Protein chains: 2
Amino acid sequence: MSPGVAGGTGGAELSASGQTYLKTVYGLGEWDTEAVTTGALAAKLGVSPASATAMVRKLVERGLLDHPPYGAVSLTSTGRARALGVVRRHRLLETFLVRELGYGWDQVHEEAARLEHTVSDLFVERLDRLLGHPAADPHGDPIPDAAGHLRLPAAVRLDRAPAGPAVVVRVSDANAETLRACSAAGLLPGATLDAGAHPLTAAQSAAVWVEPQETLR
Amino acid sequence: MSPGVAGGTGGAELSASGQTYLKTVYGLGEWDTEAVTTGALAAKLGVSPASATAMVRKLVERGLLDHPPYGAVSLTSTGRARALGVVRRHRLLETFLVRELGYGWDQVHEEAARLEHTVSDLFVERLDRLLGHPAADPHGDPIPDAAGHLRLPAAVRLDRAPAGPAVVVRVSDANAETLRACSAAGLLPGATLDAGAHPLTAAQSAAVWVEPQETLR
DNA sequence: CAGGAGTTTTAGGCATGGCTAAATATGGCA
DNA sequence: TGCCATATTTAGCCATGCCTAAAACTCCTG
Ligand SMILES: [Mn+2]
Ligand SMILES: [Mn+2]
Ligand SMILES: [Mn+2]
Ligand SMILES: [Mn+2]
């Protein structure tokens with residue numbers, strides 16, 4: 001019996017685990033800029049450092065990652081394309097779950113993380129059409145188009161933002177508790193923060209990305 | 001990293017393969033009544049007889065199947081409940097793919113067979129609501145309710161049906177080619193066959209189940 | 001009612017993707 | 001500049017779910 005993984009676009013079959021590693025390498029560098037090490041991957045994925053090293057080696061052999069020994073992991077251009085395909089699936093699925101199935105934005109991440117490896121290309125393109133080609137997911141993360149293009153808003157983390165008015169651009173969906181705190185505080189993408197005041201903890205405010213607004217003069 | 005399988009209702013986790021075996025044991029006995037042997041399972045699933053024997057043994061140990069040595073495989077009551085849960089997921093997913101995503105009825109089976117192991121209980125119940133609690137999938141197969149109840153229409157295979165008018169009740173979705181031949185011939189569930197005439201091959205007509213109509217006198 | 005064809009189970013492997021424990025490399029600090 | 005804490009890789013295992021080949025069983029046929 002074949003494993004329950006849909007092929008995705010281009011290249012040879014890639015396991016669900018392989019897809020998750022690529023997506024995670026991309027995700028760790030999307031908003032923040034810190035070196036992606038095998039240790040960081042292991043921590044994010046909840047596997048041992050040894051397991052991350054082993055999988056990274058396989059993905060290097062397949063030409064999807066670069067990895068100087070003891071150095072930082074990075075995507076090759078084909079690896080980046082594959083990663084963006086997984087990201088596209090993930091974010092379209094999250095959008096579907098919220099808009100069509102009535103999920104809360106704090107309920108979608110895990111479901112999408114499973115489905116992203118299972119739906120076919122046809123499914124994804126039909127979903128995209130049904131949803132009207134959305135530009136961002138419920139958390140404000142941009143959805144790559146079918147060709148893998150996306151533009152990332154210039155934004156700063158709320159805990160490092162200058163005082164003054166700002167617009168919420170994105171909230172990380174990594175922690176459901178944080179998402180609930182944000183919606184309770186009205187901090188949804190598009191919301192305006194008047195003076196930078198909010199009731200979030202320091203850790204929670206590190207999950208919120210805002211675009212500071214020039215003050216009118 | 002955990003395997004991409006959603007738990008489903010009740011009992012300990014069951015792998016996607018395990019779920020497929022249970023579903024297949026159920027399916028082989030749903031419309032036809034032939035003994036389900038490890039060999040029949042192997043043939044249906046495209047695995048070796050040895051593999052089927054091994055998996056059946058595991059499912060017997062978990063209390064989901066009965067299997068006298070060299071005898072027929074059958075579902076225990078808890079095995080049947082688990083199987084019906086998988087069948088419910090499969091058929092609701094097929095209905096969704098046709099009704100909401102515009103798939104053809106010959107395109108849905110494989111996609112649903114992957115997704116049925118990945119969607120959560122919440123997803124399934126939301127889908128059921130979205131679709132208005134459908135009673136049958138696009139092929140006429142009944143959809144068990146959340147409690148695992150379903151009623152099977154009394155029907156006979158078209159190649160064994162008496163001459164005379166009949167209503168198409170169900171077409172097996174096992175073969176996409178057959179489904180295309182049936183829709184080309186207008187043999188969709190609910191269609192009326194006037195005198196039993198149709199352009200199907202013998203093998204194809206064995207996939208169609210009809211309810212003979214009493215003639216008016 | 002014995003033989004044998006066909007079916008089923010057992011035995012022994014393999015690939016994948018995890019794990020722990022041990023070895024090795026790095027890089028900051030004394 | 002050398003040492004050591006920390007990070008990373010290597011080595012050796014394990015579980016799952018497949019495989020092929022061989023052994024064992026069933027049951028039809030002559
Ligand atoms: Mn997400
Ligand atoms: Mn998201
Ligand atoms: Mn089907
Ligand atoms: Mn069906």
Side-chain angles (χ1 to χ4, degrees), chain A residues 1-8 11-25 28 34-62 64-74 86 113-114 116-118, chain B residues 1-8 11-25 28 34-62 64-74 86 113-114 116-118:
Chain A
M1 215 163 347
S2 57
V5 175
E13 307 251 314
L14 187 59
S15 69
S17 268
Q19 291 179 35
T20 298
Y21 275 83
L22 293 187
K23 178 188 70 163
T24 303
V25 173
L28 287 175
E34 288 182 27
V36 179
T37 59
T38 53
L41 275 174
K44 184 75 177 179
L45 295 172
V47 301
S48 71
S51 298
T53 296
M55 181 59 83
V56 166
R57 181 162 35 83
K58 285 182 209 162
L59 295 170
V60 167
E61 274 160 18
R62 281 156 140 301
L64 299 168
L65 290 179
D66 286 327
H67 185 220
Y70 296 92
V73 178
S74 61
V86 180
R114 270 181 284 108
E116 71 197 11
H117 311 296
T118 311
Chain B
M1 215 163 346
S2 57
V5 174
E13 307 251 314
L14 188 58
S15 70
S17 268
Q19 292 178 34
T20 298
Y21 275 83
L22 292 187
K23 178 187 71 163
T24 304
V25 172
L28 287 174
E34 289 182 26
V36 179
T37 59
T38 54
L41 274 174
K44 183 75 177 177
L45 294 173
V47 301
S48 71
S51 298
T53 296
M55 181 60 82
V56 165
R57 181 162 34 83
K58 285 181 208 162
L59 295 170
V60 167
E61 275 160 19
R62 282 155 136 307
L64 299 168
L65 291 178
D66 286 325
H67 185 220
Y70 297 91
V73 177
S74 61
V86 181
R114 271 181 283 108
E116 71 197 11
H117 312 295
T118 309

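Just so we're on the same page: letters track the sequence lines, and every chain starts at 1. In what follows, every heavy atom counts, from backbone to side chain, and hydrogens, waters and symmetry copies are set aside. Just so we're clear, the structure is a prediction, and the values are computed from it rather than from any experiment.
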Sort me out a list of protein N/O and nucleotides 20-26 of chain C N/O pairs below 3.5 Å, or just none if empty.
unit_1  : atom_1 : unit_2   : atom_2 : d
dA25(C) : O4'    : Tyr70(A) : OH     : 3.2

Restricting both atoms to N or O, compile the protein contacts to nucleotides 13-17 of chain D shorter than 3.5 Å, with distance only.
unit_1  : atom_1 : unit_2   : atom_2 : d
dG17(D) : OP1    : Ser15(B) : OG     : 2.5
dG17(D) : OP2    : Lys58(B) : NZ     : 3.4

Between His67(A) and Ala52(B), name the one whose nearest nucleotide on DNA chain D is closer to the 5' end.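 On the 5' side of the pair lies His67(A).
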For Ala16(B), which residues count as a side chain to side chain contact (heavy atoms under 4.5 Å, CB included) partner, sequence neighbours excluded?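 By the side chain to side chain contact (heavy atoms under 4.5 Å, CB included) rule, Ala16(B) matches Val5(B), His117(B).
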Mind checking what makes side chain to side chain contact (heavy atoms under 4.5 Å, CB included) contact with Ala40(B), not counting sequence neighbours?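 For Ala40(B) the side chain to side chain contact (heavy atoms under 4.5 Å, CB included) partners, ignoring immediate neighbours, are Leu28(B), Thr37(B).
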Taking every heavy atom of Lys23(B) against every heavy atom of Glu116(B), the minimum-distance pair comes out as NZ-OE2, 2.8 Å
Search all heavy atoms of Thr20(B) against all heavy atoms of Thr24(B) and return the closest pair with its distance. O-OG1, 2.7 Å
Sugar-phosphate, base or nothing in reach of Gly46(A), heavy atoms under 4.0 Å: sugar-phosphate
On DNA chain C, does the nearest nucleotide to Gly39(B) precede the nearest nucleotide to Ala54(A) from the 5' side, or the other way round? Give the residue.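 Result: Gly39(B).
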Can you check the [X] [atom1] to [N] [atom2] distance for me, whole Å?
{"X": "Tyr21(A)", "N": "dT16(C)", "atom1": "OH", "atom2": "P", "value": "15 Å"}
{"X": "Leu59(A)", "N": "dT9(D)", "atom1": "CG", "atom2": "C1'", "value": "16 Å"}
{"X": "Leu65(A)", "N": "dT8(D)", "atom1": "CG", "atom2": "C1'", "value": "16 Å"}
{"X": "Gln19(A)", "N": "dG17(C)", "atom1": "CD", "atom2": "C1'", "value": "15 Å"}
{"X": "Arg62(A)", "N": "dA15(C)", "atom1": "CZ", "atom2": "P", "value": "15 Å"}
{"X": "Leu41(A)", "N": "dG18(C)", "atom1": "CG", "atom2": "P", "value": "12 Å"}
{"X": "Leu22(A)", "N": "dG17(C)", "atom1": "CG", "atom2": "P", "value": "12 Å"}

Just to verify, what does Lys44(A) make a side-chain hydrogen bond (donor to acceptor under 3.5 Å, both in side chains) with, not counting sequence neighbours? none
What residues form a side-chain hydrogen bond (donor to acceptor under 3.5 Å, both in side chains) with Thr38(A), not counting sequence neighbours?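 Partners of Thr38(A) by the side-chain hydrogen bond (donor to acceptor under 3.5 Å, both in side chains) criterion come out as none, since no residue qualifies.
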Assess the residue pair Val86(A) and Leu22(A) against the criterion (side chain to side chain contact (heavy atoms under 4.5 Å, CB included)); give the C-alpha distance rounded to whole Å, side-chain angles, the decisive distance to 0.1 Å, and a yes or no. CA-CA 8 Å; Val86(A) 180; Leu22(A) 293 187; 5.8 Å; no
Of the candidate nucleotides dT10(C), dT10(D), dC19(C), which contains the atom at the shortest distance from the side chain of Thr53(B)? dT10(C)
Is any side-chain N or O of Thr37(A) closer than 4.0 Å to OP1 or OP2 of dA7(D)? no
I'd like to check the salt bridge (Lys or Arg N to Asp or Glu O under 4.0 Å) partners of Lys58(A); sequence neighbours left out, ordered by chain and number. none
Counting only pairs under 3.5 Å, give me each side-chain donor-acceptor contact of residues 47-56 of chain A, with atom names and distances, residues two or more places apart or in other chains.
unit_1   : atom_1 : unit_2   : atom_2 : d
Ser48(A) : OG     : Ser51(A) : N      : 3.1
Ser48(A) : OG     : Ser51(A) : OG     : 2.9
Thr53(A) : OG1    : Pro49(A) : O      : 3.1

